[in-house]
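Quick note on labels: first sequence line is chain A, next is B, and so on, each numbered from 1. Treat the numbers as computed from the prediction; the structure is a model and nothing was measured.
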Amino acid sequence: MTIEEREREFQEKIDSGQKIEPKEWMPDEYRRQLIRMIGQHAHSEIVGMLPEGNWITRAPSLRRKAVLLAKVQDEAGHGLYLYSAAETLGIDRQTMINQLITGKAKYSSIFNYPTTSWADMGAIGWLVDGAAIVNQTMLARGSYGPYSRAMVRICKEESFHNRQGYEIIYQLANGSEAQKKMAQDSLNRWWGPSMQMLGPSDADSTNSAVTMNWKIKVESNDTVRQRFIDRTVPQAHAAGLTIPDPDLKYNEETEHWEIGEIDWDEFYKVIKGYGPCNAKRMKARNEAEEQGKWVREAAAAYANKKSKKQEKQVA
Amino acid sequence: MTIEEREREFQEKIDSGQKIEPKEWMPDEYRRQLIRMIGQHAHSEIVGMLPEGNWITRAPSLRRKAVLLAKVQDEAGHGLYLYSAAETLGIDRQTMINQLITGKAKYSSIFNYPTTSWADMGAIGWLVDGAAIVNQTMLARGSYGPYSRAMVRICKEESFHNRQGYEIIYQLANGSEAQKKMAQDSLNRWWGPSMQMLGPSDADSTNSAVTMNWKIKVESNDTVRQRFIDRTVPQAHAAGLTIPDPDLKYNEETEHWEIGEIDWDEFYKVIKGYGPCNAKRMKARNEAEEQGKWVREAAAAYANKKSKKQEKQVA
Amino acid sequence: MTEEKALYNYLIRLGDNALILGQRLGEWCGHAHQLESDIALTNVALDQIGQARLLLSEAANLQGEGKSEDHLAFHRDEQDFRNNLLVEMENGDFGQTITRQFLFDVYQYHLLKAFCKSENDFLKAFAEKSIKEVTYHRSLSRDWMVRLGDGTENSHQKMQDAINLLWQYTGELFEMDESDEVLMEAGIVPDLSEIKSIWDKEVKTVIDEATLAIPDTRGFMATGARKKGEHTEYMGYILSEMQYLPRSMPDAKW
Amino acid sequence: MTEEKALYNYLIRLGDNALILGQRLGEWCGHAHQLESDIALTNVALDQIGQARLLLSEAANLQGEGKSEDHLAFHRDEQDFRNNLLVEMENGDFGQTITRQFLFDVYQYHLLKAFCKSENDFLKAFAEKSIKEVTYHRSLSRDWMVRLGDGTENSHQKMQDAINLLWQYTGELFEMDESDEVLMEAGIVPDLSEIKSIWDKEVKTVIDEATLAIPDTRGFMATGARKKGEHTEYMGYILSEMQYLPRSMPDAKW
């Protein structure tokens, strides 16, 4: 088969809604795009542990502490599935981690914002995980089997986190004056980044055309974002909170909430490394790698001794 | 002059109450004893910064924070005078510091106890500095000029610290229930170590005979300790606190307070390195040395460049 | 001392150990050398916090003053905490954390095993539930002890340093007081000196396998600290971080 | 905005900068590379805490609610602190601490110099008293910048890393808001853009002499953080440590 024939056959498979599995032929660019996306997604889970991990020792009740620990643990677990999904495409975890810590690979830019109050644990679950779920539900319908299945599994847990996050915010927003202020302040800080989080408008998205053609993504950033907005605005209102956007309005005709301008300048600055916590996050990941080096070496040395011993016993 | 003649002459000087100055002849053992004592004393100031430094960030009022900062700064200053006094005997500061961080030189064992409440800032000023003052007032009458003069200067500042410490304890002891409890708890923990702090009883003190003969020390440990006890017990009572010694009683005849058995077993254990904070204190000093290495190297390199440049300009 | 008071004391002691250890482990979150260890440490933290909740709730019930687990965790002063000093010790590197964990896991495991035969229903049910978790913790920390002790020269030295540092705090795990006496008599808790024999043996076996040595620390001061509510200098920092928010807003619900 | 309200805001801003920087420097106590630096850092800390006391006391007076410097220091929430993010940044190594100090000292010095001509009596007297202290701080940190920047290859790299890390927080030092406008009009405070020109020049001279480079950070987000009471992730830890005891015992006197 010529490469053109293979590509045509591949596109037909995609178009007919079949999933692509690891051992099947796929275009290099399809593989490259998937590795990039899954890698970013995996890194986002790992880096995403940091802003939440920041509040584990300071959670204001034991129940909240336990729930937060469990949540961060789930994120580490998601990281594991996703690295495994990427590995089916022929890249190994250490290579991906090296890309992360040298700054070659990206992670979701929203984790470059600081968590400065307990309410942020609510806002992240509600807004950040909320946006992630809308996106991941779409990705679960994507064409690559292992990624699509990982998304199904992850989405279930994320929905749980999302409800817990909203519950935290709701309770604060209905608590004491200081708690209400805390909740509103947190929404004020996280709303803009959450709007940016689902990526640039379709017209400005460099990878959208190709990834949609191959059904890696099945909907545009703007469509997914609108779904997230329509879901989230009524939740804010139900909690008695104000969305920090003076241009927000409900369009009776389209039955959609319309928002003001998104600050794409901020978005690109943060992506390029100039956000409030980029340096702190990268430092944390680099230190974990560096300070864990002796542990990994020792584990390898021990495994090596062990297997030599076994060889001897066999011989 | 034979060595015996010199030694006789030296002893006569001592006996007539003259001070010995750096450039004068002195027996090797006199020099050795002084270096040991002044070194220990200097190290005690330095290590003594740690238990108090531990509460600077947590002082409960800005005034107290400022006073504590000033106090710790004074201690660093005392360290400087004392290292200088020791240097007049022909040993340099870095050599002494190396002796400290390798565990060859001792420091006052009381700094191996933890400071676990704000009241400890009171107890240290009141009890530890109180004991130190009684001891240092005696040492100020000692035979070696530079040490004796350093003691005079240090004693003045210590008296100030001592009053501030007592003021903290007194205020707590007359504050809320929780504060009273805090003050008493602190006295309970620091009383025993303060009793041990002035050293073993005369009979068990290995260096006492020789140091008293040369008037390095002019009174015995027990005499100094009794003076400290007689001063301190009424202060405790005035604050409404209980000395944690069931055997404590006032002897009407001698007009002295008599205490129960001192726990010398504990004293020797702590001296030998087995106290609650020995490892923590040594770690802190070692880390300061180690982490400061690049700074010292850079400062030396810069000074070197500078002086070369000046040489060039001169030439 | 009434049996009820003794049991309250005992539950606080167990609950504080679980709470403070869980708190310490929570500091690791996102900083371990590999994802699997991040998950494992978080898992142990989560189990400890879960145990602390059960223990402190039951203590609050016994106390009968209408307090909750959170009152006990967030509104008690340092002097009223009765955990062992071992669990307060700083995390240090991964090896030091594992060493602290191993020394504690073996202790907690055998304690729970003994509680499975307790005459007290709560303690028995608690132990039956928790022992599965702690069995996993113990096998995790034992594996790492051996792997790191018998790994490279560097890892061996780090592990030996960790043991040398932490060993002095192990004696306190087995100190008994009046509460122990009262509860032992009632068949509710074991004699800690018996737990100590088992602990000594098991710990020695693992340390041997890890090619490490038990330090001679007969010289160390017997602390007796737990009985008096004394703590290390670390404890104040642990509590200020943990308790700050609830203490700052004493009337808020979370 | 009334002049009084503007002045209150301004004093809080100055007071919080001094307080948080003093707090950070206090962490060094006993850990510096040599005694002389221990003394110097403690000295700067002490001066900053002294300034914070004067500024917060005056702010409390203006507020007229019977509060004290300690109310403002220990019973205000994070969102109400108005310090610049620069002073919250972690100490890092000695070089990072010195870099933070240098960038701030030059700022504080020229600000105080301008206050010496203020129409406000308090601010004028405050500046005349404090400028001597800050003159010393500025010469201390400048000396170390040069010594470490132009020391060894290693120290040069460390100092450049510190500048690269901290530089993004310097822009915020010169942000102005309505309080500035009101007070500038009344001749009480200077135009920060004028201070910036002087600062830029002086900082550049020293960084040049230190053989270091100013990073290009035009890309950094303008934070505007101070205006909104936003902080770095460090601030919560600073406050929980600093405020824990007074918050735990709100009625106690110290």
Side-chain angles (χ1 to χ4, degrees), chain A residues 42 45-66 68-70 72-77 79-80 83 93 97 117-118 168 171-172 174-176 178-179 182 284-285 287-306, chain C residues 19 22-43 45-47 49-50 52-53 56-57 68-70 72-74 93-95 98 144 146-156 158-159 238 241-249 251-254:
Chain A
E45 297 285 353
I46 304 320
V47 177
M49 293 168 76
L50 299 169
E52 294 185 293
N54 187 36
W55 279 88
I56 286 175
T57 59
R58 297 183 289 168
S61 79
L62 293 183
R63 182 172 79 89
R64 295 288 183 200
K65 194 189 288 284
L68 186 56
L69 272 165
V72 179
Q73 194 185 23
D74 285 346
E75 283 156 10
L80 274 187
Y83 284 125
R93 201 209 299 185
I97 288 176
S117 90
W118 170 249
I168 289 175
Q171 197 183 356
L172 291 172
N174 291 278
S176 69
Q179 287 179 306
M182 201 185 259
R285 290 315 314 161
E287 280 179 357
E289 274 300 296
E290 206 178 293
Q291 290 168 3
K293 195 166 168 253
W294 73 273
V295 177
R296 292 190 302 271
E297 284 171 355
Y302 180 77
N304 196 26
K305 279 187 209 173
K306 266 275 183 184
Chain C
L19 173 59
Q23 180 75 4
R24 273 296 193 207
L25 292 169
E27 293 171 16
W28 264 103
C29 203
H31 302 281
H33 59 99
Q34 61 183 26
L35 263 177
E36 288 79 356
S37 291
D38 259 322
I39 293 175
L41 291 173
T42 316
N43 197 48
L46 192 52
D47 290 341
I49 296 297
R53 295 185 63 192
L56 295 178
S57 291
S68 66
E69 59 186 52
D70 286 335
L72 293 177
F74 297 103
D93 61 17
F94 182 72
I98 284 294
W144 275 113
V146 175
R147 224 179 280 172
L148 297 177
D150 192 18
T152 61
E153 224 173 285
N154 182 25
S155 73
H156 178 86
K158 279 174 187 286
M159 295 307 281
I238 294 176
E241 204 172 303
M242 182 173 91
Q243 297 184 332
Y244 175 73
L245 184 53
R247 292 244 188 185
S248 296
M249 303 189 183
D251 302 321
K253 286 202 178 63
W254 305 98

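For a residue to count as touching a neighbouring chain, one of its non-hydrogen atoms must lie under 4.5 Å from one of that chain's; by this rule C/F74 touches chain A with the side chain only. There is no contact between C/W28 and chain A, counting heavy-atom distances below 4.5 Å. Of the atoms belonging to A/I168, not a single heavy atom falls under 4.5 Å from chain C. Proximity to chain C is limited to the backbone of A/A59, based on heavy atoms less than 4.5 angstrom apart. With a 4.5 Å cut-off on non-hydrogen atoms, C/L56 touches chain A through its side chain but not through its backbone.
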Next item on the list: In sequence, state the C-alpha distance, the side-chain angles, and the governing distance for C/M242 and A/R58, and then conclude on side-chain contact (heavy atoms from CB on, under 4.5 Å).
Entry: CA-CA 5 Å; C/M242 182 173 91; A/R58 297 183 289 168; over 6 Å; no
Notebook entry, point to check: When you look at A/K65 and C/Q23, which way does the side chain to side chain donor-acceptor pair (under 3.5 Å) test go after all the steps?
Noted result: CA-CA 9 Å; A/K65 194 189 288 284; C/Q23 180 75 4; 2.6 Å; yes
Next item on the list: Please report the C-alpha distance between C/W254 and A/L172 in whole Å, then the side-chain angles of each, then the deciding distance to 0.1 Å, and finally whether the side-chain contact (heavy atoms from CB on, under 4.5 Å) criterion is met.
Entry: CA-CA 7 Å; C/W254 305 98; A/L172 291 172; 3.7 Å; yes
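When all heavy atoms are compared, the tightest approach of C/A32 to A/A288 is O-CB, 3.7 Å. Nearest heavy-atom pair, A/L69 versus C/G26, reported as atom, atom and distance to 0.1 Å: CD2-CA, 4.4 Å. Of all heavy-atom pairs spanning A/A178 and C/M249, the tightest one is CB-CE, 3.8 Å. Taking all atoms of both residues into account, the shortest heavy-atom contact from C/D70 to A/S61 is OD2-CB, 3.1 Å. Here the closest heavy-atom approach between residue A/V72 and residue C/C29 is recorded as CG1-SG, 3.1 Å.
In this structure a side-chain-to-backbone donor-acceptor pair under 3.5 Å is present from A/Q179 to C/K253. Using modelled atom types, one side-chain atom of A/K305 and one backbone atom of C/D150 make a donor-acceptor pair closer than 3.5 Å.
Interface check for chain C: of the options A/V47, A/I97, A/N54, A/I56, the most heavy-atom pairs under 4.5 Å are formed by A/I56. Chain C forms the most heavy-atom pairs under 4.5 Å with one residue out of A/L80, A/L68, A/N304, A/D74, and that residue is A/L80. Taking C/R53, C/R24, C/E153 one by one and counting their heavy-atom pairs under 4.5 Å with chain A, the maximum is reached by C/R53. Taking C/T42, C/D38, C/N154, C/I238 one by one and counting their heavy-atom pairs under 4.5 Å with chain A, the maximum is reached by C/T42. Chosen from A/G53, A/A66, A/G48, A/S117, the residue pairing most often with chain C at heavy-atom distances under 4.5 Å is A/A66.
Here A/E297 contributes atom CD and C/S155 contributes atom OG; the two are 9.0 Å apart, rounded to the nearest 0.5 Å. In this structure, OG on C/S37 lies 10.0 Å from CZ on A/R296, to the nearest 0.5 angstrom.
Proximity of C/L245 to A/W118: side-chain heavy atoms (C-beta onward) are separated by under 4.5 Å at one or more points. Put simply, the side chain of A/L62 reaches to within 4.5 Å of the side chain of C/L19, judged on heavy atoms. Side-chain contact between A/E289 and C/Q34 is absent, with no heavy atoms from C-beta onward closer than 4.5 Å. When side chains are defined from C-beta on, A/R63 does not count as touching C/I49, because their heavy atoms never get closer than 4.5 Å. Using a 4.5 Å heavy-atom cutoff, the side chains of A/Y302 and C/L148 are not in contact.
Between A/R93 and C/E36 there is a salt bridge, since at least one side-chain N of the basic residue sits less than 4.0 Å from a carboxylate O of the acidic one.
Of the N and O atoms on the side chains of A/Q73 and C/N43, at least one donor lies less than 3.5 Å from an acceptor on the other residue. Side-chain polar atoms of A/T57 and C/E27 form no donor-acceptor pair below 3.5 angstrom.
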